[in-house]
Amino acid sequence: MKVGLVLSGGGAKGAYQAGIIEAFAEYNLEVTMISGASIGALNGALVSASGNIAIAAERLAIVWDLIATKDILKINSELYPRYLTMLAAAGLTGVGQLGLGLLAGWAEGSKADIGFVDTSPLTDVLNHYINPQELSQGTPLYVALYPYRGRLHAIKEFITGEVMKRFDTQNSVFKHVQSLSFEEQKEALLASAAIPVLFSPRKVGGRLYSDGGQGNYKKAQGNTPITPLLDQGLDVILVSHLENGSLWNIDDFPNENIIELRPSKKIAEKGIRDTLGFDAGSITRWRAQGKADTVQLLEKLVRFARNRTHLIESRTVLQDKVGLSNGSLQSRSLEQTMAKLKKKE
């Protein structure tokens, strides 16, 4: 069976996806193609480069254990006051929120594109657990990227779109990671996860990009990047959401067999603060919930598959006993079938 996997963005809430992959490993469910945005792109790269789902689950567990216990995202000290201002803005509403958000991201001359967060510790972890050669030969992976047009523009879109939820954005673009050079593969992954202002944008194909989850906000086109997996001959596409209230709508894709993985209960109570706060307790809890929700879904699918198999087997036996040609049983009423069975006895 050809299985596609869509991994949405959501910062620290991406721990939920580590639980999903752990459940996949227990059921030996391999994936054929992956598409990810933001933290979903990083998780997707680990899955892609692992070779099989069991190794992917092990690597994700190790990486998220590191994230939960070590400070792998360090604030650039010279920009720390502005970072605090941005976090404060996330807790406000209306004009005050927008005003502080704009102040937090105000351009600083030559340093205008430097992110508040130093990503070198995260890059070290990715370099250690994502081998470029393995990724290049791994499961096909697509990542969402968002064209970067400067810090001021990024702050405006982030605050009024992601936080205030008041307007739409342009579409994200998608890059097939295995088609990029080794160096650009890493840049594309970091670009997809480069939350505006927090992280520096990255250059891919001569153009700057930031967090791919920003695209077409009202449809979550970038943050739930199913687009590259459409019309790929997949038997089923599993779509992972990191919040139950996602704007993404399965009805927009009537020609695809899609199964959604949505959190059974809210996995974040503090909004953007949960997204940016890599808290050990929350990460552990979200991983456990991701696994539990996925196991519950897979158990239902297994029961459905078994029942369908039994139905097909029973139908075959009935066809043989009644002496009907293959397929004609469907057009015969129950009364007619029973009558023919009685004549056979």
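Worth knowing before you read on, the calculation uses all heavy atoms, side chains too, and leaves out hydrogens, waters and symmetry mates.
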Chemist: Is a donor on one side and an acceptor on the other found under 3.5 Å between the side chain of S8 and the backbone of N223?
Modeler: yes

Chemist: What pair of heavy atoms forms the shortest contact from Q17 to G40, and how long is it?
Modeler: OE1-CA, 3.5 Å

Chemist: What are the two closest heavy atoms between T139 and T32, and how far apart are they?
Modeler: CG2-O, 3.3 Å

Chemist: Output, in order, the C-alpha distance, side-chain angles, deciding distance and verdict of side-chain contact (heavy atoms from CB on, under 4.5 Å) for E187 and K203.
Modeler: CA-CA 7 Å; E187 291 300 300; K203 185 173 290 187; 5.5 Å; no

Chemist: Mind checking whether V239 and I237 have side chains closer than 4.5 Å, heavy atoms only?
Modeler: yes

Chemist: Is there a side-chain contact between N257 and D235 in this structure, where contact means two heavy atoms from C-beta onward sitting under 4.5 Å apart?
Modeler: no

Chemist: Does the side chain of F24 come within less than 4.5 Å of E30's, by heavy atoms?
Modeler: no

Chemist: Side chains of D293 and S264: is there a donor and an acceptor less than 3.5 Å apart?
Modeler: yes

Chemist: Check for a donor-acceptor pair, side chain of S210 on one end and backbone N or O of P201 on the other, with a separation under 3.5 Å.
Modeler: no

Chemist: Please round to the nearest 0.5 Å and tell me the distance separating atom CD1 of I21 and atom CG of L60.
Modeler: 6.5 Å

Chemist: Do the side chains of N43 and V47 get nearer than 4.5 Å, heavy atoms only?
Modeler: no

Chemist: What residues form a salt bridge (Lys or Arg N to Asp or Glu O under 4.0 Å) with E58, not counting sequence neighbours?
Modeler: none

Chemist: If hydrophobic clusters are built by linking Ile, Leu, Val, Met, Phe, Trp and Tyr wherever their side-chain heavy atoms come under 4.5 Å apart, do L126 and I55 end up in the same one?
Modeler: no

Chemist: Compute whether any side-chain donor of one residue and acceptor of the other, for S192 and S38, lie under 3.5 angstrom apart.
Modeler: no

Chemist: Are Y209 and L141 linked, directly or through other ILVMFWY residues, by side chains that come within less than 4.5 angstrom of each other?
Modeler: yes

Chemist: If you round to the nearest 0.5 Å, how far is OG of S282 from CZ of R287?
Modeler: 13.0 Å

Chemist: Tell me whether Q289 contacts the main-chain N or O of K265 through its side chain, where contact means a donor paired with an acceptor under 3.5 Å.
Modeler: yes

Chemist: Once rounded to the nearest 0.5 Å, what's the spacing between atom CG of L145 and atom OG of S172?
Modeler: 8.0 Å

Chemist: Rounded at 0.5 Å granularity, tell me how far CD1 in I20 sits from CG in L7.
Modeler: 7.0 Å

Chemist: Using 0.5 Å steps for rounding, measure from the CD1 atom of I226 to the CD atom of Q232.
Modeler: 11.0 Å

Chemist: Would a 4.5 Å heavy-atom cut-off, applied to side chains only, mark I258 and V236 as touching?
Modeler: no

Chemist: Over all heavy atoms of both residues, which pair between H176 and Y142 is shortest? Give the atoms and the distance, please.
Modeler: CB-CE2, 3.5 Å

Chemist: Can you find a heavy atom in the side chain of E184 that is under 4.5 Å from one in the side chain of R202?
Modeler: no

Chemist: Looking at side-chain heavy atoms only, is the closest gap between K291 and E26 below 4.5 Å?
Modeler: yes

Chemist: Can you name the side chain to side chain contact (heavy atoms under 4.5 Å, CB included) partners of P132, sequence neighbours left out?
Modeler: F182

Chemist: Taking Q185 for the side chain and L180 for the main chain, is one N or O donor matched with an acceptor at less than 3.5 Å?
Modeler: yes

Chemist: With side chains defined as the heavy atoms from C-beta onward, is the minimum distance between E243 and P263 less than 4.5 Å?
Modeler: no

Chemist: Start with the C-alpha distance between V295 and Y27, add both sets of side-chain angles, then the distance that settles side-chain contact (heavy atoms from CB on, under 4.5 Å), and finish with yes or no.
Modeler: CA-CA 8 Å; V295 165; Y27 280 78; 3.9 Å; yes

Chemist: Would you say the side-chain atoms of Q214 pair up with the backbone N or O of D211, donor to acceptor, closer than 3.5 Å?
Modeler: yes

Chemist: For residues Q178 and S136, report the shortest heavy-atom separation together with the two atoms involved.
Modeler: CG-O, 3.3 Å

Chemist: For residues Y146 and I39: do they belong to one hydrophobic cluster (side chain heavy atoms under 4.5 Å, members Ile, Leu, Val, Met, Phe, Trp, Tyr)?
Modeler: no

Chemist: Spell out, as yes or no, whether a donor-acceptor pair under 3.5 Å connects the side chain of T169 to the backbone of N216.
Modeler: yes

Chemist: Looking at the rings of Y16 and W64, which for Trp means the six-membered one, are their centres under 6.0 Å apart?
Modeler: no

Chemist: What verdict does the side-chain contact (heavy atoms from CB on, under 4.5 Å) test give for L29 and V3, after you've listed the backbone C-alpha separation in whole Å, the side-chain angles of each residue and the deciding distance to 0.1 Å?
Modeler: CA-CA 8 Å; L29 178 63; V3 178; 4.1 Å; yes

Chemist: How close do A56 and S50 get, counting heavy atoms only, and between which atoms?
Modeler: CA-OG, 3.3 Å

Chemist: How far apart are the closest heavy atoms of P225 and F174, and which atoms are they?
Modeler: CB-CE2, 3.4 Å

Chemist: Applying the 4.5 Å side-chain criterion to the ILVMFWY set and letting contacts propagate, would I34 and L46 be lumped into a single cluster?
Modeler: yes

Chemist: N131 side chain to E134 main-chain N or O, any donor-acceptor pair under 3.5 Å?
Modeler: yes

Chemist: What's the verdict on side-chain contact (heavy atoms from CB on, under 4.5 Å) for L135 and L189, showing C-alpha distance, side-chain angles and the deciding distance?
Modeler: CA-CA 11 Å; L135 181 59; L189 295 176; 4.2 Å; yes

Chemist: Mark yes or no for whether E256, through its side chain, and D231, through its backbone, hold a donor-acceptor pair below 3.5 Å.
Modeler: yes

Chemist: When you measure from the side chain of S48 to the backbone N and O of G44, does any donor-acceptor pair fall under 3.5 Å?
Modeler: no

Chemist: How long is the span from the CD atom in Q221 to the OG1 atom in T227, to the nearest 0.5 Å?
Modeler: 5.0 Å

